[in-house]
K.L.:
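Here it is: the structure, laid out below.
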There are 2 protein chains.
Amino acid sequence: MQALHLWRLAVLAGVRRETPDLSARQMAVLLNVYLTPPPHTVRGLATLLNVSKPAITRALDRLSELELVRRKADESDRRNVLIQRTIKGSVFLRDWGGIVSGVAQDIAA
Amino acid sequence: MQALHLWRLAVLAGVRRETPDLSARQMAVLLNVYLTPPPHTVRGLATLLNVSKPAITRALDRLSELELVRRKADESDRRNVLIQRTIKGSVFLRDWGGIVSGVAQDIAA
DNA sequence: CGTAAAAATTACGTAACCGAAACGACATGG
DNA sequence: CCATGTCGTTTCGGTTACGTAATTTTTACG
């Protein structure tokens, strides 16, 4: 029950702020790139999220445009594209984590 | 930091399940209708979420179609539309709360 | 070699969504 | 009553995202 209140306040904060408005899929991609060990490929993310590859490609287009992630060719197998982290992405997620944990504190108190 | 891992797992669970795929705004509307005291109006939700009224109308179209909320005319002022809860909505949010708190438990352990 | 397989992307038609503005129903104060 | 304001919805033009299917580039293997 408190979990729902946590979710409410955090989602509310996310919707309200003007800053980049990411879809659930884009957010899932971003979080997985930053919080799970590399390498990250399109195919891997597609199967992990249970969505099609083009959906991942489009999410990466958007995230790259925002400079939250970066694409890099895999030199050992040039068919692959490796997704890498960026400074902006790190900052964005740190901020977001701060919001969520701040909300959690408020609820606990 | 754990907050981000919590968020990652919960978003991942949300994206993976085939069932109704709600946008952040729709989710925000749904959560506020269920977790804050009534009455809930379009204008009230619009200002709370800091989005336009049509955006709320469309979110309610979608949520009504899924039978997660219900619109009801305000008899005392027929310009108003009151948003009410439904059984399906309660079940949906209870399930979601279960997922989030389950993830939280896993992280704590 | 050369054919098959795999990776990501692009193409394409469809559906959902957005904000601004126009609209219709209703309320309220003069 | 009627003029003005309020509330929710609809309309409009444009953007974005989706899934399926075709394309491109690269690798693997027979």
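Each chain gets a letter, A, B and so on, in the order the sequences are listed, and its residues count up from 1. The basis for the numbers below is simple: all heavy atoms, side chains too, and nothing from hydrogens, waters or symmetry mates.
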K.L.:
I'd like to know if the side chain of A:R16 reaches the main chain of B:L48, judged simply by a donor and an acceptor atom lying under 3.5 Å from each other, with no hydrogens or angles considered.
P.N.:
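Yes; judged by distance alone, with no hydrogens or angles, the pair exists.
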K.L.:
Remember a base hit wins even if backbone is also touched, and classify A:E65 as base, sugar-phosphate or nothing at under 4.0 Å, heavy atoms.
P.N.:
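If one applies the 4.0 Å heavy-atom cut-off, A:E65 turns out to touch nothing in the nucleic acid.
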K.L.:
So which one's nearest nucleotide on DNA chain C is more toward 5', B:K53 or B:A59?
P.N.:
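On the 5' side of the pair lies B:A59.
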K.L.:
Please pick, from C:dA20, C:dC18, C:dA27, the nucleotide with the shortest atom-to-atom distance to any side-chain atom of B:D77.
P.N.:
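So the nucleotide nearest the side chain must be C:dA27.
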K.L.:
Please confirm whether the shortest side-chain N or O distance from A:R43 to OP1 or OP2 of C:dA7 is below 4.0 Å.
P.N.:
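A:R43 to C:dA7 OP1/OP2: side-chain N or O found under 4.0 Å.
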K.L.:
Heavy atoms from C-beta onward define the side chain here; which of C:dA8, D:dG8, C:dA27 lies closest to that of B:N80?
P.N.:
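Looking only at heavy atoms from C-beta outward on B:N80, the closest nucleotide is D:dG8.
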K.L.:
In terms of the nearest nucleotide of DNA chain C, which residue is placed more toward the 5' end: B:R25 or A:V81?
P.N.:
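Closer to the 5' end of DNA chain C: A:V81.
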K.L.:
By nearest heavy atom, map A:D74 and A:S52 onto DNA chain D; which one lands nearer the 5' end?
P.N.:
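It is A:S52, whose closest nucleotide lies nearer the 5' terminus.
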K.L.:
Among D:dT27, D:dT10, C:dC17, which is the nearest nucleotide to the side chain of A:R79?
P.N.:
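Ranking D:dT27, D:dT10, C:dC17 by closest atom to the A:R79 side chain puts D:dT27 first.
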K.L.:
Tell me: CG of B:L60 to P of D:dC7, nearest whole Å?
P.N.:
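That distance rounds to 16 Å.
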K.L.:
Provide, to the nearest angstrom, the distance between the CG atom belonging to B:L63 and the P atom belonging to C:dA16.
P.N.:
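It works out to 14 Å between those atoms.
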K.L.:
Over how many whole Å does the gap from B:I56 atom CD1 to C:dG19 atom C1' extend?
P.N.:
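For the pair B:I56 CD1 and C:dG19 C1', the rounded distance is 13 Å.
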K.L.:
Respond yes when some side-chain nitrogen or oxygen of A:T57 is under 4.0 Å from OP1 or OP2 of C:dT9, and no when none is.
P.N.:
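Answer yes for this pair, as a side-chain N or O of A:T57 is under 4.0 Å from OP1 or OP2.
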K.L.:
Mind calculating the distance between CG (A:D61) and C1' (D:dT16) to the nearest angstrom?
P.N.:
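After rounding, the reported distance stands at 12 Å.
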K.L.:
Distance check needed: C:dT9 C1' versus A:R78 CZ, whole Å only.
P.N.:
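Nearest whole value for this atom pair: 15 Å.
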K.L.:
Figure out the NZ/C1' separation between B:K72 and D:dC7, and round it to whole Å.
P.N.:
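The answer, rounded to whole Å, is 17 Å.
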K.L.:
Here's a test of your reading of the structure: between A:V51 and A:S76, which maps to the more 5' nucleotide of DNA chain D?
P.N.:
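Result: A:V51.
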K.L.:
Between B:W7 and A:W7, what is the ring plane arrangement, given parallel below 30°, perpendicular above 60°, and tilted in between?
P.N.:
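Parallel.
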K.L.:
Is the shortest side-chain heavy-atom distance between A:L9 and A:D106 below 4.5 Å?
P.N.:
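Sidechains of A:D106 and A:L9: no contact.
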K.L.:
Below 4.5 Å, heavy atoms only, C-beta onward: do B:D74 and B:V81 meet side chain to side chain?
P.N.:
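A side-chain contact is absent here, since even the closest heavy-atom pair is not under 4.5 Å.
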K.L.:
Think A:R71 has a side-chain N or O under 4.0 angstrom from the OP1 or OP2 of C:dT9?
P.N.:
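Yes, because at least one side-chain N or O of A:R71 sits under 4.0 Å from OP1 or OP2 of C:dT9.
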K.L.:
Indicate the atoms forming the closest heavy-atom contact of B:M27 with B:L93, along with that distance.
P.N.:
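Between these two residues, the closest heavy atoms are CE-CD2, 4.3 Å.
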K.L.:
Taking the side chain as everything from C-beta on, heavy atoms only, tell me whether A:R71 gets closer than 4.5 Å to A:L60.
P.N.:
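Result yes, sub-4.5 Å side-chain heavy-atom pair found.
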K.L.:
Does B:Q26 put a side-chain nitrogen or oxygen below 4.0 Å from OP1 or OP2 of C:dC17?
P.N.:
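For C:dC17, OP1 or OP2 has a side-chain N or O of B:Q26 closer than 4.0 Å.
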K.L.:
Measure CZ/A:R62 against P/D:dA17 and give the value in whole Å, please.
P.N.:
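In whole Å, D:dA17 P and A:R62 CZ are 6 Å from each other.
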K.L.:
Base, sugar-phosphate or nothing for B:T41? Non-hydrogen atoms, less than 4.0 Å.
P.N.:
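Touches sugar-phosphate only.
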K.L.:
Rounded to whole angstrom units, what separation is found between the NE2 atom of A:H40 and the P atom of C:dA7?
P.N.:
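The distance from NE2 of A:H40 to P of C:dA7 comes to 17 Å, rounded to the nearest Å.
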K.L.:
Determine: side-chain N/O of B:R58 to OP1/OP2 of C:dC18, distance under 4.0 Å, yes or no.
P.N.:
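B:R58 to C:dC18 OP1/OP2: side-chain N or O found under 4.0 Å.
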